[in-house]
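Counting from 1, the numbers follow the sequence of the chain as shown.
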Amino acid sequence: MPRRRLLSFKYAFQGIAYLLRTQPNARIHSAALLLAVSAGVFFSISPGEWLAVVLASALVLALEAVNTAVEALTDLVSPGHHQLAGAAKDVAAAAVLIAAMGAAVVGAIVFLPKLYFYWTNMGH
């Protein structure tokens, strides 16, 4: 049992590596996460703000992984063009977009007031 559990983690990390290696949008979302974490450390955001930033970021990256899986599986089972295959891919991509827009709103709510305060008090 422990060996099987360890293998499941190995496969999950292989999936993350595949995602980052093959999906430019996953790399963009990861860079945004690094920026958000850096800004969070710089502005010493509260635990509640950390929770919102981490959950929003995790949702985006998780849905990016699901979208990649849907695309790969769809391409495998439907190599030719099919309306339903296209719809599956489009809806999976829409899920990522919706999450990314939500994460952008979370980022704005958390960081814009801090940026405003920082810029207005820099010279004082």
Side-chain angles (χ1 to χ4, degrees):
M1 188 68 149
R3 179 172 163 71
R4 291 175 88 180
R5 184 70 45 210
L6 288 175
L7 279 176
S8 70
F9 280 101
K10 176 187 171 189
Y11 297 139
F13 283 114
Q14 286 176 346
I16 292 170
Y18 178 85
L19 180 70
L20 294 174
R21 188 176 61 251
T22 64
Q23 303 301 307
N25 285 342
R27 292 191 295 273
I28 291 168
H29 294 308
S30 297
L33 171 59
L34 289 175
L35 181 63
V37 168
S38 298
V41 169
F42 180 80
F43 290 117
S44 299
I45 62 176
S46 73
E49 291 169 327
W50 275 115
L51 181 63
V53 168
V54 168
L55 286 176
S57 300
L59 180 62
V60 171
L61 288 171
L63 286 174
E64 187 68 54
V66 170
N67 180 52
T68 300
V70 167
E71 288 182 356
L73 191 55
T74 302
D75 290 345
L76 175 66
V77 300
S78 182
H81 178 73
H82 190 284
Q83 185 177 357
L84 290 175
K89 290 171 128 182
D90 291 348
V91 171
V96 178
L97 179 60
I98 292 165
M101 290 187 307
V105 170
V106 168
I109 291 168
V110 170
F111 293 114
L112 285 180
K114 291 169 181 5
L115 284 168
Y116 177 78
F117 181 80
Y118 179 78
W119 282 329
T120 58
N121 293 301
M122 268 180 54
H124 302 282

If you take all heavy atoms of [X] and [Y], which pair is closest and at what distance?
X    : Y    : value
T74  : A88  : OG1-CB, 4.4 Å
L61  : L19  : O-CD2, 4.3 Å
N67  : A93  : OD1-N, 3.1 Å
A108 : P113 : O-CD, 3.6 Å
A95  : L63  : O-CD1, 3.5 Å
A103 : V60  : CB-CG2, 3.8 Å

When hydrophobic residues are tied together by side-chain contacts of less than 4.5 Å, even through go-betweens, does [X] share a cluster with [Y]?
X    : Y    : value
M122 : L112 : yes
V106 : V41  : yes
V53  : Y116 : no
L73  : Y11  : no
V110 : L34  : no

Within 6.0 angstrom of Y18 OH, more than 12 heavy atoms from elsewhere: no
Counting heavy atoms not belonging to Q83, are there more than 12 under 6.0 Å from its CD? no
Members sharing I109's hydrophobic cluster, built from side-chain contacts under 4.5 Å between Ile, Leu, Val, Met, Phe, Trp and Tyr, are V105
Give, for atom [atom1] of [X] and atom [atom2] of [Y], the distance between the pair rounded to the nearest 0.5 Å.
X   : Y   : atom1 : atom2 : result
H82 : K89 : NE2   : NZ    : 13.0 Å
L6  : S8  : CG    : OG    : 7.5 Å
E71 : D90 : CD    : CG    : 9.5 Å

Kindly state each residue pair satisfying side-chain hydrogen bond (donor to acceptor under 3.5 Å, both in side chains) with at least one member in residues 32-51, sequence neighbours excluded. S46-E49, E49-K114
Would a distance-only check, ignoring hydrogens and angles, find a side-chain to backbone donor-acceptor pair under 3.5 Å from S78 to D75? no
Fit a plane to each ring of F42 and Y118, take the angle between them on a 0 to 90° scale, and name the class: parallel (under 30°), tilted (30 to 60°) or perpendicular (over 60°). perpendicular
